[in-house]
Structure formats: structure tokens, C-alpha cells
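In what follows, every chain begins at residue 1, and chains take the letters A, B, ... in the order their sequences are listed. Below, each value reflects all heavy atoms present in this structure, side chains not excepted, and no hydrogens, waters or symmetry copies.
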Protein chains: 2
Amino acid sequence: MKIDPDSTADFSAQIAQAIRDAIVSGDLIVDQRLPSEAELADQFAVSRPTVREALKRLAAQSLIRTQRGATGGAFVNRLRFEEAYDQQVTTSTLLLSMNSVSFDVACEARYALERACGPLAAQRRTPDQLATMRAEIHRQSQPGLTDEAFCASDVTLHRALVDGAGNKVLSYQLAGAVEAMHPLMNMITFTARSRERIVALHTALADALEAQDAATVDQTLVELESYTRELAHSVVTARAHQKTKNDPNRRKRTEPKESRSA
Amino acid sequence: MKIDPDSTADFSAQIAQAIRDAIVSGDLIVDQRLPSEAELADQFAVSRPTVREALKRLAAQSLIRTQRGATGGAFVNRLRFEEAYDQQVTTSTLLLSMNSVSFDVACEARYALERACGPLAAQRRTPDQLATMRAEIHRQSQPGLTDEAFCASDVTLHRALVDGAGNKVLSYQLAGAVEAMHPLMNMITFTARSRERIVALHTALADALEAQDAATVDQTLVELESYTRELAHSVVTARAHQKTKNDPNRRKRTEPKESRSA
DNA sequence: AGACATTAATATGTAAGACAAATGAAAATT
DNA sequence: AATTTTCATTTGTCTTACATATTAATGTCT
């Protein structure tokens, strides 16, 4: 496990990669203790701060954990589904916002993936998951609910559907797709009538799942996708009209430089 | 943007989180330059090495990039699909191996997701993607091919299918599912007869895609999944027999500790 | 002898200061 | 005007030091 002093990359990046490779290849196994920072510094012939930077890179990916004290050190971390979820959600969300992915593309991906879960969920959904869906549907029909809370409830319901497939890998892979839609959905204003329609579709979905009727689950998801996209389009066109009305000669967006919260 | 000196977490983790939040919330926008390390150290009232550890954490997630020199510094990085792919593949692979996910569960997830791409791919596949699939099918029918190369070709073919859906978000989400199967697939020994069968199914898949026949695409994927699982099962049972034959009184599996490839 | 407090050792966490190297901009020179 | 030189800025790295957490060993008292 060595580094190349001629490489253009930082030492800390190279060291991190070397350790990462050792973990991925199985050279370092879960819960195994890495050499102390001082020893690693010796081995790689760099200073301790440089080693620390490398270790922090790995910690950021949840590949290692550190512990202070006499028997402490850096240990290979067992990557858990929950941690992986969080990373996936953050990455997916940023990916969508930074590459200005359209609502349609994201929506298509999300529903294509959810429909993949449909047949499995119809087969395996637990009473618990059905109860979660019913509870969220009930919440969604409350009149005083904010748009944001409505969206959050929507995400919870859809995650229950995904979890219904009873496949942790599937749940993990879809976490990003479902959650990353959240910010995009938040731009929609849900009128009372549109909420009514969505609640009706959600109810149909829950009913079909309860009846283990895969075909209806799939059909309902198709309708839900189509209606969601319809809603988003009406928002976009409405906003476009408003913009040209309010500020027809607005400057082209170059550097907003908005104030940062302290 | 402050940190809590009473928190149990490291300063560097807190600072990283604060900056991460600023990026996710849109407070810091793409290509915006962060204050220099010295300024950040002042702002957060910590030393420069601590700030650097925080920045390296963010760099490990591709959230920032750094540049040396007079006009250098740390900049908010535009997260690209390609970088996100890689991270997803690493994370997914480790997730599967560290949580000893069964072949069946991973395989089910993979094919459920690929079938989600089927209808879209049947509609949108480009001549280029079809050509890639044909080329890989040809490679797979070469007699001298190692099992590892056969697997790698399989992955390429399946990625072409996924990309055929013409949805970058979908391609990104599925990268992990497809690639993470690679190590598991590598445990299978592909006999000449099984390769023949797989090549036939791959050909049927390519034909159906070319004919834009979504139903056949779906059916072929179902058959491919069933055959893959069948293959894996035969390998598992064969291995089990061999083990009991070689070492009938072996201890119950607690810590396999099998030989690791260098 | 056993329970408890003290001490020591080891590790990570943090700080401070210094120098090297890269890089772009300004200044000086041709 | 074009080119070269100088210089200021910023990250990358090293060294040393101390703070703090944690465990193990030691010692003391009952």
C-alpha cells in the first residue's frame, strides 16, 4: 500500500484511495482497526495532518469510524443501509438541482422505479405498511395542511409503497429517486381540488395493495404519474405568465450573490 | 453559519455539515468560491488544519473542488452524473458485501429495476445502444473468454439497456444496482452451455428492443432473471456439496475467514 | 483478598507557525 | 506593444506541541 510522489493528486487523496481500495477489495475487513495515525504517517512517509485529512475523507463516506482513547483508532465501518440512504438522498437531490433536471425527467424516473416495486409490494406488503399509507392518506385530507407538509406526507406514503416490496436493496436504490423529487414537488401549489384527486388515487393505490391486485397498483401509479406531471405543467405555465407580467425586462441571471444566513 | 462547541461531534464534522447545508439549501451556489482556509478558520474560530479536515470531507463527496494559487481556493462543485455514478457504485457494492445481501435479493432488485427501464428503452433506444449490445453479445459468444470478462461484458450490455431508456436520472439510479451485482456474478462459473443460453436471451432482448417490442423485452428480462437465479443456486449447492465432502465435520459458519485475493 | 481511587500510557482532536509550490496579476523591461 | 519579472495570495505539507478521552495498570485502603 504505497503512494506515488509524482502524482498530481494530493497525498491525502492518494492515501484515502489506497485505504478505500483495501476496504473494497476485502483486504481490510469490517471492524478491523487501522494502524494509528502516527503509524500510517510513518508507512506513507507523510505527516500526521496529511494522514488525518485522508482519514476524514474516508469518514465522510462512512467507510471508517474513529474512536479516541487508549484502545481507540480508526476502524473499518460496517456501511449500514440507513447511512447509505442518507448519502444517496443528499447526492441525488444535489444532482437534480445542480444539473437543472426537468420535472418531467425526474418524475418519469421516479414512477418507472416505483412501478418496478408495484408487483412485489402487492405480493408482500405488510399490515404495518398498509397502516402507514392509510395514516398518511388521512393526514393528506386534513384541510389545514400546508403544501410542504402535504409533500412530506406524500414522500412517506411512497416510501411505504417502496418498502412494501420487502427488498432492502430496492428500498435503498429508490430512496434517492423518491426523496430527490421532494424539492421539485415543493414548488407545486396543491389546490383543494388537486389534493382531493391525489388522495383518491392514493386510496385506490392502498386498496389495490391491500387486495394484492398488482394490475390495479400499476394502473394507479400510471395515473398518479400523469396527474402529477399535469399539475407541474400547469404550475410552470402559470409562473411563466406571471413572470412576463411582473418583470418583462428582468436581467439575465448571472450572479445572484444573495445574502447568506449567519 | 456557526458551530456548537458543546457538541460531541468533531469540529471538522460540524463545519463540514454547516457548509454542506449551505450548499444543499442553495445558500452557496455552483462555482461560488468559499472563503480561504484562513478566513474560514477565523470565522469558525478554529485552526486551519481543522478547517482543512472539514474541506477534505466535502471534497470526498465531490461537493467542492480546490485549486491552488493566487485566485485559487475552494469552489462549490457542480456534481456531475459521472462522479455520482462512481460514488453510487462504490457505496452499493460495499453495502451488498458488508451486509451479506443474498444473491436472490440483489438479483430481484436488479431485474425489477431493469424491467422498469424496459418499456422506455423499447421506445427510445438509439442505434448506438443497439450496436453496443450486439457487440457485447458477439464478445460473449467468443469461446476463450474468461468468466470475469464474460461478467464485465454482461454489465456493459445491461448498462446499454438501461441507458436506452434515455433518462439520465434513471441511468444514475440504476448504475449502483447493475454494477453492484458484478462481484456476486463473478462467483458464478459460466459453462459453455449456460453461456449459450444467456447469449440467446441477450439476442432476444436486443431483437425485441430493435423491434420496439416492449412486451417481449419484459418477458425476456423475466426469463433472464429466472435463469440467472437458477445458475446461482446450482453454484451454491455445488459448492455446499464440495464443502461437506472435503470437510464433513466443519464448524458451523461463524467467521468464514476465507482466503482473500491479494 | 477485594473494591476503589490514582496514575500512566496511548490514541485522537486541536492549535500554531513555518515553508513549499502553484498560479494569476501587476509591474518592469525590452 | 509584447514579453519577462516580480510579487502577493492560496492551497499543500511538515513540525511540534498540547488537550482530551479512554483503557489498563498500579497502588491504596478496608
Side-chain angles (χ1 to χ4, degrees), chain A residues 1-20 23 28 31-77 255, chain B residues 1-20 23 28 31-78:
Chain A
M1 218 157 66
K2 290 250 172 69
I3 59 176
D4 173 17
D6 297 334
S7 167
T8 57
D10 299 350
F11 287 162
S12 68
Q14 291 183 56
I15 294 169
Q17 191 58 51
I19 298 176
R20 193 173 6 249
I23 294 175
L28 292 170
D31 291 335
Q32 186 172 340
R33 184 182 175 279
L34 272 63
S36 73
E37 295 175 355
E39 285 174 297
L40 285 172
D42 266 1
Q43 282 183 30
F44 287 109
V46 297
S47 66
R48 192 159 82 95
T50 302
V51 166
R52 283 182 60 81
E53 286 177 12
L55 294 179
K56 295 313 165 199
R57 287 178 191 263
L58 298 173
Q61 297 179 300
S62 306
L63 295 187
I64 61 166
R65 61 177 187 279
T66 56
Q67 204 176 358
R68 291 170 74 167
T71 58
F75 298 84
V76 177
N77 192 36
E255 277 188 301
Chain B
M1 219 156 64
K2 290 246 171 74
I3 58 174
D4 174 17
D6 298 334
S7 167
T8 56
D10 298 350
F11 286 164
S12 69
Q14 291 183 56
I15 294 169
Q17 191 57 51
I19 298 176
R20 191 169 14 243
I23 294 174
L28 293 170
D31 291 336
Q32 187 171 340
R33 184 182 174 280
L34 271 63
S36 72
E37 295 175 353
E39 285 175 296
L40 285 172
D42 267 1
Q43 282 183 29
F44 286 109
V46 297
S47 67
R48 193 158 84 93
T50 302
V51 166
R52 283 182 60 80
E53 287 176 10
L55 293 179
K56 293 315 164 200
R57 293 177 115 110
L58 298 172
Q61 297 181 301
S62 305
L63 295 187
I64 63 168
R65 61 176 185 278
T66 56
Q67 203 176 359
R68 290 168 74 164
T71 58
F75 298 84
V76 177
N77 192 37
R78 158 161 278 126

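Using a 4.0 Å cut-off between charged nitrogen and carboxylate oxygen, A/Arg57 and A/Asp10 count as a salt-bridge pair.
Residues from residues 61-71 of chain B that place a heavy atom under 4.0 Å from any atom of DNA chain D, listed by number: B/Thr66, B/Gln67, B/Arg68, B/Gly69, B/Ala70.
Side-chain atoms of A/Gln32 and A/Phe75, non-hydrogen and from C-beta on, never get closer than 4.5 Å to each other. Side-chain contact between A/Ile15 and A/Leu40 is absent, with no heavy-atom pair separated by less than 4.5 Å. Using a 4.5 Å heavy-atom cutoff, the side chains of A/Leu28 and A/Ile19 are in contact. Here the side chains of B/Asn77 and B/Leu58 are not in contact, with every heavy-atom distance at 4.5 Å or above.
Within the structure, every pair that satisfies the salt bridge (Lys or Arg N to Asp or Glu O under 4.0 Å) test and touches residues 62-76 of chain A, not counting sequence neighbours, is listed here: A/Asp31-A/Arg65.
Nucleotide C/dT14 holds its P atom 11 Å from the CD atom of A/Glu37, rounded to whole Å. The nearest whole Å value for the distance from the CZ atom in A/Phe11 to the P atom in D/dT15 is 12 Å. As a whole-Å value, the separation of B/Leu40 CG from D/dT10 C1' is 12 Å. In this structure, the CG atom of B/Asp42 is 15 Å from the P atom of D/dT9, given to the nearest Å. Per the geometry, CZ belonging to B/Arg48 stands 13 Å off P belonging to C/dA18, to the nearest Å.
In the set D/dT10, D/dT15, C/dT12, D/dT15 carries the atom at the smallest distance from any side-chain atom of A/Ser47.
Listed pair B/Arg52 / D/dG12 meets the phosphate criterion, a side-chain N or O lying under 4.0 Å from OP1 or OP2. Between B/Thr50 and the phosphate of C/dA15, there is a side-chain N or O to OP1/OP2 separation shorter than 4.0 Å.
Where B/Glu39 and A/Ala45 each meet DNA chain D at their nearest nucleotide, the meeting point lying more 5' is that of B/Glu39.
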